[in-house]
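What follows is a short report on a single structure.
Every chain is numbered from 1 and lettered A, B, ... according to where its sequence line falls, protein lines coming before strand lines.
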Number of protein chains: 2
Amino acid sequence: MATRTDAPTRREQILKEAARLFAERGFHGVGVDEIGAAVGISGPGLYRHFPGKDAMLAELLVGISGSLLTGAKRRLAEAEGVAGPEAVLDSLIEGHIDFALDDRPLITLHDRELDRLRDSDRKLVRQLQRQYVELWVGVVREVYPSAPEPAARSAVHSVFGLLNSTPHLTRPGALPGRSATAALLHRMARGAFAAIEEH
Amino acid sequence: MATRTDAPTRREQILKEAARLFAERGFHGVGVDEIGAAVGISGPGLYRHFPGKDAMLAELLVGISGSLLTGAKRRLAEAEGVAGPEAVLDSLIEGHIDFALDDRPLITLHDRELDRLRDSDRKLVRQLQRQYVELWVGVVREVYPSAPEPAARSAVHSVFGLLNSTPHLTRPGALPGRSATAALLHRMARGAFAAIEEH
DNA sequence: CAGGGAGGTTAGCGGTCGTTAACCTGAAGG
DNA sequence: CCTTCAGGTTAACGACCGCTAACCTCCCTG
């Protein structure tokens with residue numbers, strides 16, 4: 001998989017703009033004409049690239065869940081043996097923060113429009129999400145062995161909520177710069193996890 | 001304001017069911033017929049109680065933001081002088097957790113459907129939200145005086161994300177019970193705030 | 001016991017939206 | 001040079017949805 005430097009294809013443009021619009025106004029709140037207009041073609045021209053509006057949302061959500069899981073697996077494999085569980089957890093957090101900061105609209109969609117999918121697609125996305133969560137839970141339980149599994153799972157969901165809050169705080173972009181924000185989020189996530197263990 | 005023991009009025013039933021449906025399927029994803037059916041009347045009967053579908057959403061969102069702010073102000077006033085800033089922060093966290101656990105659909109709506117409001121209503125809601133955030137920021141800065149204001153504000157938004165994650169974790173209801181969940185969320189919120197200060 | 005308002009009902013209008021149909025065009029390939 | 005096809009276009013259809021109109025039926029009250 002080479003690092004892409006090519007110009008984005010029309011199909012990719014459409015997906016990107018659709019993600020932005022869906023995140024801004026909701027799946028049902030955006031018409032196909034608007035999506036088309038956002039990439040310079042109009043309305044039904046989209047059907048040369050996608051079988052329907054639903055298919056765009058499906059591809060977006062499956063893509064998100066897939067790359068989150070793939071990235072997490074890669075980070076876990078890279079750290080295997082050579083690093084302790086704390087470093088692995090840090091790596092997972094870092095990956096999730098990068099995603100939350102770079103693909104804000106996708107993060108928004110990811111927990112907002114899942115129910116608008118066809119049954120089969122929704123099942124797939126949920127399965128990918130579940131694997132992602134369980135991967136985190138495993139690592140968290142290595143770092144905090146005294147934490148019972150349900151608490152660890154709740155904690156993971158809550159930290160996702162914390163990290164995924166980025167869309168809310170960057171209205172004017174007047175926040176302390178990307179790296180400082182990432183560092184703050186990272187520390188807060190670790191601080192939240194550290195509170196799993198009572199006292 | 002007496003504690004209400006009376007049966008809920010038809011109007012309140014409608015608001016409650018509308019909140020649930022809007023949270024489940026999005027504002028545009030729910031038809032007035034469905035809302036009517038959820039309270040046992042059908043379709044246009046709703047217009048005896050509300051001027052339109054938008055008005056239901058507006059009343060819900062203004063109500064949420066208002067009661068969050070009112071509750072926070074009350075807690076702040078009660079603790080004035082008699083308690084240190086840490087206790088005030090704990091009280092704010094407790095209030096927000098109660099709300100997140102008891103009114104899950106409203107919490108979901110609150111940061112999801114704001115853009116579907118008329119301009120004037122949206123402005124009002126945003127102003128209430130801003131006051132709520134600033135109230136938290138003030139308390140947080142008392143507890144952590146070394147934290148710069150932008151960091152404190154980002155932290156507050158992130159902790160809201162953490163606390164508002166409750167809708168995600170209660171799919172089957174097989175989580176460790178309400179009080180244990182509340183305690184875990186509370187500890188995590190404090191742990192996250194504690195990480196504001198570097199090192 | 002008349003009458004009126006609160007709170008429903010069903011029928012239907014007007015607009016919007018996803019999708020399809022039919023047609024056009026420019027560039028690549030034999 | 002003719003063909004083909006990818007990638008557009010506009011027109012239009014059918015479904016759905018928010019809302020209004022018109023009507024009906026209790027129940028309360030003077």
Between [Y] and [X], is there a salt bridge with N-O shorter than 4.0 Å?
{"X": "A:Lys16", "Y": "A:Glu12", "value": "no"}
{"X": "A:Arg130", "Y": "A:Glu134", "value": "no"}
{"X": "A:Asp90", "Y": "A:Arg75", "value": "no"}
{"X": "A:Arg20", "Y": "A:Glu17", "value": "yes"}
{"X": "A:Arg178", "Y": "A:Asp102", "value": "yes"}

Next on the checklist: At a heavy-atom distance below 4.0 Å, which nucleotide of DNA chain D is the first touched by chain A, and which is the last?
Outcome noted: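 The contacted stretch runs from D:dG7 to D:dA11.
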
Next on the checklist: Could you tell me if A:Lys53 sits above the aromatic ring of A:Phe27, with its cationic atom closer than 6.0 Å to the ring centre and no more than 45 degrees from the axis?
Outcome noted: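 Yes, a cation-pi geometry holds between A:Lys53 and A:Phe27.
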
Spacing between [X] atom [atom1] and [N] atom [atom2], to the nearest angstrom:
{"X": "A:Phe22", "N": "C:dC17", "atom1": "CZ", "atom2": "C1'", "result": "13 Å"}
{"X": "B:His28", "N": "C:dC17", "atom1": "NE2", "atom2": "P", "result": "9 Å"}
{"X": "B:Arg11", "N": "C:dA6", "atom1": "CZ", "atom2": "C1'", "result": "15 Å"}

Next on the checklist: Less than 3.5 Å apart, any donor N or O on the side chain of B:Arg11 or B:Thr9 sitting next to an acceptor on the other?
Outcome noted: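 The criterion, which ignores hydrogens and geometry beyond distance, is not satisfied for B:Thr9 and B:Arg11.
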
Item to check | Closest-nucleotide ordering on DNA chain C, the 5'-leading residue of B:Ser42 and A:Val32 | outcome: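 Looking at DNA chain C, the more 5' nearest nucleotide goes with B:Ser42.
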
Item to check | Polar side-chain atom of B:Ser154 near backbone of B:Pro150 as donor-acceptor pair, under 3.5 Å | outcome: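 Yes; judged by distance alone, with no hydrogens or angles, the pair exists.
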
Checklist entry - With a 4.0 Å cut-off on heavy atoms, is B:Val39 in touch with a base, just the backbone sugar-phosphate, or nothing at all? => result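 Nothing: the residue B:Val39, judged by heavy atoms under 4.0 Å, touches no strand.
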
Item to check | Sugar-phosphate only, base, or nothing, as touched by A:Gly45 at under 4.0 Å among non-hydrogen atoms | outcome: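 If one applies the 4.0 Å heavy-atom cut-off, A:Gly45 turns out to touch a base.
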
Item to check | Near-strand residues of residues 46-57 of chain A, defined as heavy-atom separation under 4.0 angstrom from DNA chain D | outcome: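 Close to the strand are A:Arg48, A:His49.
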
